[in-house]
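This report refers to the structure that appears directly beneath it.
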Protein chains: 2
Amino acid sequence: MAAPRYLEIKKRIMKEIEGKPVSTPIASERELAVQFDASRMTVRKALNELVEEGYLYRNKNKGTFVAERSLHKKNTAADSFLKKEETNHKLLYFNVKEIPDAAKRLNLPADELILRAVRLTLNDERPVTIEEIFLPYKSVDYNEMNEINTILDMNPYIQNGRLTQRFIPMLIPSQYSNLLEVKMGTPIIMVDSIIYDPAGNPVALVNLYHNPREKIIEITS
Amino acid sequence: MAAPRYLEIKKRIMKEIEGKPVSTPIASERELAVQFDASRMTVRKALNELVEEGYLYRNKNKGTFVAERSLHKKNTAADSFLKKEETNHKLLYFNVKEIPDAAKRLNLPADELILRAVRLTLNDERPVTIEEIFLPYKSVDYNEMNEINTILDMNPYIQNGRLTQRFIPMLIPSQYSNLLEVKMGTPIIMVDSIIYDPAGNPVALVNLYHNPREKIIEITS
DNA sequence: AAGTGGTCTAGACCACGCA
DNA sequence: GCGTGGTCTAGACCACTTC
């Protein structure tokens with residue numbers, strides 16, 4: 001299917017406002033509809049998304065304006081999973097066994113087999129995060145078992161599903177101190193995440209141990 | 001103005017699905033439009049918000065379904081500011097002076113006067129959070145100076161504005177250890193927040209020191 | 001009075017899933 | 001072939017601000 005009209009309009013408006021000073025007014029919805037030869041509702045859909053994402057803001061009865069660029073919405077907690085440019089993963093360890101605690105949190109019987117993987121995320125050679133990933137073994141596609149990185153790619157799940165994250169303060173676990181190059185006794189944040197499918201069934205459990213020097217958790221909403 | 005039609009429809013659908021098991025299909029958009037004697041676009045607006053908030057999920061070409069209740073979207077970091085039932089604030093301290101560091105982060109000249117207030121949030125008598133609030137003194141309405149709690153109510157700003165939060169791991173500051181009833185040396189999370197107006201101008205700076213026993217930071221998205 | 005965003009309507013076509 | 005959600009249209013009225 002061709003890309004929807006409103007997405008094209010959205011892109012063109014984004015290009016249009018790029019570099020404009022904060023609070024610059026943009027054309028009214030009716031004008032934009034004429035410019036783009038689209039209905040006002042379609043233009044509104046594009047504008048609504050741009051407002052939602054923090055590129056624009058509205059002022060009722062007055063107009064729509066360019067917002068501060070640094071305030072584009074960002075939830076870097078979810079970004080933890082997303083692969084950036086200079087970021088790569090190094091698998092440290094994985095096995096399959098019963099892990100009752102993890103099974104419980106995945107709504108599974110305690111004796112269910114769990115795939116546990118531990119990997120290190122590096123950004124430009126510097127250690128950023130240790131990830132402990134717990135997956136129900138039965139959900140793993142056997143054809144992919146030789147390509148463990150495909151299995152551990154959480155993006156597809158997060159796209160359509162939902163994410164609950166708990167931020168836990170702790171001292172760095174001793175076994176990760178060297179790997180993250182963080183001194184023993186340093187306070188860190190461990191992000192305890194459960195990924196759900198749209199219906200609310202748990203799909204994966206992930207614990208992220210962040211190196212506070214390299215990974216600042218910042219959320220803009 | 002009367003409440004918009006779509007909000008009423010939204011409420012009625014929420015009541016309708018309340019208590020229904022996960023994955024129960026609801027009526028199609030066209031049926032609902034007939035039921036509520038509204039256009040399909042209006043029904044869609046109501047449904048879209050319910051999906052956005054995590055009450056429903058869609059399955060293209062199949063239908064719309066009830067989502068897991070525990071997965072309603074919640075960002076408890078912003079909730080930190082919202083007054084709950086059993087929650088109340090106890091003002092510990094406030095004054096007005098130059099605070100160059102705070103002024104800088106509020107995009108003000110270093111010699112600008114800053115109102116600094118420190119208060120303790122209690123939940124059912126238990127200490128939950130210490131809040132350090134920094135406001136440009138010139139933005140304070142003098143008529144309100146005798147009602148400091150009105151000034152420190154951040155809700156109106158957050159409603160229409162934007163929020164950037166950084167999550168900082170640290171050991172509990174010694175001066176807050178007793179107040180929060182947290183042992184010295186305990187790792188905690190400090191949430192460093194800046195509240196902006198829609199155009200991106202900083203309005204307030206707030207540091208939240210969370211008691212990890214009482215305040216679990218949890219985000220569902 | 002003119003212009004703005006917010007809401008609403010009564011249609012329409014599309015791609016896709018399913019029987 | 002029918003039903004679904006996703007997109008789109010060409011209008012309309014409202015409350016409000018600005019001139």
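In what follows, chains carry the letters A, B, and so on, assigned in the order in which the sequence lines appear, proteins first and then strands, with residues in each chain numbered from 1.
In this structure A:Y57 satisfies the ring-ring contact (aromatic ring centres under 6.0 Å, His included) test together with A:F65, sequence neighbours excluded. Applying the side chain to side chain contact (heavy atoms under 4.5 Å, CB included) rule to A:L113 yields the partners A:V96, A:E98, A:Y137; only residues at least two apart in sequence or on another chain are considered. Applying the ring-ring contact (aromatic ring centres under 6.0 Å, His included) rule to B:F134 yields no partners; only residues at least two apart in sequence or on another chain are considered. Remark: A:N61 pairs with no residue by the side chain to side chain contact (heavy atoms under 4.5 Å, CB included) rule, at least two apart or across chains. The salt bridge (Lys or Arg N to Asp or Glu O under 4.0 Å) check on A:E68 picks up nothing, with sequence neighbours excluded.
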Nucleotides 11-13 of chain D: which of its N/O atoms have a protein N/O under 3.5 Å away?
from, atom 1, to, atom 2, distance (Å)
D:dA12, N6, A:R40, NH1, 3.4

Protein N or O to nucleotides 17-19 of chain C N or O, pairs below 3.5 Å:
from, atom 1, to, atom 2, distance (Å)
C:dC18, OP1, B:K62, NZ, 3.1

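Among residue pairs with one or both ends in residues 99-111 of chain A, those qualifying as side-chain hydrogen bond (donor to acceptor under 3.5 Å, both in side chains) are A:R105-A:D192; sequence neighbours excluded.
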Validation: residues 27-38 of chain A side-chain donor-acceptor distances under 3.5 Å, sequence neighbours left out:
from, atom 1, to, atom 2, distance (Å)
A:S28, OG, A:E31, N, 3.2
A:E29, OE1, A:R40, NE, 2.9
A:E29, OE1, A:R40, NH2, 2.9
A:E29, OE1, A:R44, NH1, 3.3
A:E29, OE2, A:R44, NH1, 2.9
A:E29, OE2, A:R58, NH1, 2.8

Could you pull out every donor-acceptor pair under 3.5 Å between side chains of residues 10-22 of chain B and any protein atom, sequence neighbours left out?
from, atom 1, to, atom 2, distance (Å)
B:K10, NZ, B:E49, OE1, 2.7
B:K10, NZ, B:E53, OE2, 2.7
B:R12, NH1, B:E8, OE2, 3.2

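In the helix from C:dA1-D:dT18 to C:dC18-D:dG1, the end axes, each obtained as the rotation axis mapping the C1' atoms of four pairs onto the next four within a five-pair block, lie 10° apart to the nearest 10 degrees.
No donor-acceptor distance shorter than 3.5 angstrom exists from the side chain of B:N59 to the backbone of B:G63, with no hydrogens or angles considered.
Interface residues of residues 45-54 of chain B facing DNA chain D, ordered by number: none; criterion, heavy-atom separation under 4.0 Å.
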